[in-house]
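Report on one structure; see the data block that follows.
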Amino acid sequence: MNLVFFKIISVLLYLISLLPFWILYLFSDILYFLLFHVVKYRRKVVELNLKNSFPEKSVADRLDIEKRFYKHLSDLILESIKTLSISPKSMKKRFVFSNLNELTKYFEQGKSVIAVSGHYGNWEWGPLATAYELKEKVLVVYKPLSNKRFDNLVNTMRSRFGAILVPMKHTLRKIIEYNTQPHVLVLVGDQTPPREESQYFINFLNQPTAIFLGVEKIAVRTNKPVIYFSINKIKRGYYECLIKPLVEVPNQTKEFEITNIHTQVLEHIIQKNPEYWLWSHKRWKFSPANLKAHHD
């Protein structure tokens with residue numbers, strides 16, 4: 001992408017972000033129609049994921065989840081654009097922590113914390129809201145985009161209120177850098193690991209699923225308490241984050257225990273309100289069987 005075209009796109013996105021929410025949601029309704037009915041964006045991926053995850057549900061029930069997912073996805077896209085200009089006051093009103101003390105109690109003890117979340121609710125607003133609420137540093141681990149210009153733009157959006165974006169491969173280096181001051185390290189636990197790093201599978205949503213082990217490895221190595229950010233959509237444009245303590249002393253856990261715990265928490269959240277998870281992601285790219293065939 002050339003620089004001129006990128007600048008045009010950037011200015012356009014910023015102008016869209018200045019629109020009031022009620023207009024953004026009109027755009028979202030149009031986007032839903034285009035994604036679901038016209039472009040049919042990853043419809044087959046979503047249909048297959050839902051069919052394998054909820055075989056007990058009827059075709060009609062799964063279609064209802066699918067439609068609600070695409071409506072949420074459209075909202076999420078416009079809400080993400082809104083982060084370019086959203087005010088701290090608006091963010092505080094629209095993304096609420098119901099029990100922030102479950103996080104700050106560790107800071108009072110001089111401890112740092114690992115917070116796990118998933119691609120659920122509005123995970124893009126999470127870093128902004130957390131950084132706004134806390135005086136402590138918020139380190140957000142992310143997987144860089146292949147397009148450097150868009151990667152910088154997304155990082156600018158996510159770090160507006162002070163969150164520090166950490167490329168995945170630099171995680172330990174950044175932890176060491178902030179080791180002397182209490183901080184929260186935010187990780188997304190439901191990313192698909194690369195084929196060569198798919199060492200552990202768990203039965204997740206009714207199917208064998210390769211699980212990213214980064215959360216557990218970092219937790220055991222640093223011995224930081226692990227909590228879960230459970231983001232619930234209250235209504236359109238409003239979210240509540242419930243903080244769930246998971247593991248107090250990671251280096252006393254058994255192998256894969258932390259991974260099992262945070263994965264099961266996410267599974268229960270998805271089963272309760274499935275439409276708010278990222279079903280368009282190709283989460284089940286490979287199984288233990290085809291991995292074995294690949295190695296053979």
Side-chain angles (χ1 to χ4, degrees), residues 42 45-46 48-55 69 113-121 123-124 126 139-144 166-172 175 184-231 242-274 276-296:
R42 293 197 172 184
V45 173
V46 175
L48 182 61
N49 284 345
L50 287 170
K51 181 180 180 181
N52 291 338
S53 299
F54 302 108
F69 160 69
V113 186
I114 294 173
V116 191
S117 195
H119 289 95
Y120 188 92
W123 63 89
E124 289 292 347
L139 312 181
V140 181
V141 179
Y142 77 104
K143 186 177 181 180
V166 183
M168 196 175 287
K169 63 181 181 180
H170 296 154
T171 304
L172 287 175
I175 290 172
V184 55
L185 179 73
V186 182
L187 292 144
V188 177
D190 61 350
Q191 303 214 41
T192 304
R195 182 185 292 269
E196 62 275 10
E197 294 178 23
S198 298
Q199 309 159 7
Y200 183 62
F201 284 77
I202 187 175
N203 189 48
F204 175 71
L205 293 173
N206 198 53
Q207 52 209 302
T209 307
I211 303 296
F212 174 62
L213 294 176
V215 174
E216 178 166 327
K217 288 179 179 178
I218 293 168
V220 171
R221 183 164 178 173
T222 63
N223 203 32
K224 291 176 171 55
V226 182
I227 62 174
Y228 197 93
F229 278 176
S230 178
I231 302 171
L242 176 69
I243 296 170
K244 299 181 178 181
L246 298 185
V247 180
E248 290 290 321
V249 189
N251 65 9
Q252 292 182 10
T253 59
K254 298 177 182 177
E255 188 177 19
F256 304 129
E257 183 178 342
I258 295 172
T259 301
N260 291 340
I261 291 171
H262 75 72
T263 303
Q264 287 165 5
V265 168
L266 176 61
E267 183 177 47
H268 292 151
I269 291 169
I270 293 169
Q271 288 170 337
K272 187 176 180 181
N273 294 109
Y276 301 137
W277 193 52
L278 190 60
W279 293 101
S280 54
H281 177 49
K282 295 180 180 179
R283 185 64 184 82
W284 291 276
K285 296 177 183 177
F286 35 78
S287 65
N290 62 34
L291 263 187
K292 184 177 185 300
H294 176 78
H295 290 312
D296 292 345

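The salt bridge (Lys or Arg N to Asp or Glu O under 4.0 Å) test applied to Glu267 returns no partner, not counting sequence neighbours. For Phe54, the ring-ring contact (aromatic ring centres under 6.0 Å, His included) partners two or more places apart in sequence, or in a different chain, are Trp279. Take Tyr228 and apply the ring-ring contact (aromatic ring centres under 6.0 Å, His included) test, not counting sequence neighbours, and it matches no residue. With sequence neighbours excluded, the residues forming a ring-ring contact (aromatic ring centres under 6.0 Å, His included) with Tyr200 are Phe256, listed by chain and number. With sequence neighbours excluded, no residue satisfies ring-ring contact (aromatic ring centres under 6.0 Å, His included) with Tyr120.
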Requested in this report: For Val113 and Lys224, run side chain to side chain contact (heavy atoms under 4.5 Å, CB included): C-alpha distance rounded to whole Å, both residues' side-chain angles, the deciding distance at 0.1 Å, then the answer.
Outcome: CA-CA 5 Å; Val113 186; Lys224 291 176 171 55; 5.9 Å; no
Query - Trace of the side chain to side chain contact (heavy atoms under 4.5 Å, CB included) decision for Val215 with Thr259 - result: CA-CA 7 Å; Val215 174; Thr259 301; over 6 Å; no
Query raised in the report: Passes side chain to side chain contact (heavy atoms under 4.5 Å, CB included), Glu216 versus Thr253? Steps please.
Result: CA-CA 10 Å; Glu216 178 166 327; Thr253 59; 5.6 Å; no
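Minimum heavy-atom separation, Pro144 to Pro167: CG-CB, 4.0 Å. Listed here is the closest heavy atom pair of Ala115 and Val184: CB-CG2, 3.8 Å. A pairwise comparison of heavy atoms in Ile269 and Ser230 identifies CD1-OG, 3.3 Å as the closest pair. Val45 approaches Ser280 most closely through the heavy-atom pair CG1-O, 3.7 Å. For Arg283 against Asp190, the heavy-atom pair with the smallest separation is NE-O, 3.0 Å.
The line from CD of Gln264 to NE2 of His262 is 10.0 Å long, rounded to the nearest 0.5 Å. Of the inter-residue distances, the one linking Leu246 atom CG with Glu257 atom CD reads 11.0 Å to the nearest 0.5 angstrom. Distance check: Leu185 CG to Ile218 CD1 gives 6.0 Å after rounding to the nearest 0.5 Å. Atom CD1 of Ile258 sits about 13.0 Å away from atom NZ of Lys217, to the nearest 0.5 Å. Taken to the nearest 0.5 Å, the CG atom of Asn260 stands 10.5 Å off from the CD atom of Glu255. A distance of 10.5 Å separates CD1 in Ile243 from CD1 in Ile231, rounded to the nearest 0.5 Å.
Using a distance-only test at 3.5 Å, with no hydrogens or angles considered, a donor-acceptor pair links the side chain of Asn49 to the main chain of His281.
Ile175 is not listed as a side-chain neighbour of Arg221, based on a closest heavy-atom distance of 4.5 Å or more. Between Ser117 and Val188, every side-chain heavy-atom pair lies at or beyond the 4.5 Å cut-off.
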Cut-off 3.5 Å, no hydrogens considered: what does the side-chain donor-acceptor table look like for residues 202-212, sequence neighbours left out?
{"unit_1": "Asn203", "atom_1": "OD1", "unit_2": "Gln207", "atom_2": "N", "d": "3.1"}
{"unit_1": "Asn206", "atom_1": "ND2", "unit_2": "Asn52", "atom_2": "O", "d": "3.1"}
{"unit_1": "Gln207", "atom_1": "NE2", "unit_2": "Ser53", "atom_2": "OG", "d": "3.1"}
{"unit_1": "Gln207", "atom_1": "NE2", "unit_2": "Leu205", "atom_2": "O", "d": "2.9"}
{"unit_1": "Thr209", "atom_1": "OG1", "unit_2": "Phe204", "atom_2": "O", "d": "3.4"}
{"unit_1": "Thr209", "atom_1": "OG1", "unit_2": "Gln207", "atom_2": "O", "d": "2.9"}
{"unit_1": "Thr209", "atom_1": "OG1", "unit_2": "Trp284", "atom_2": "NE1", "d": "2.6"}

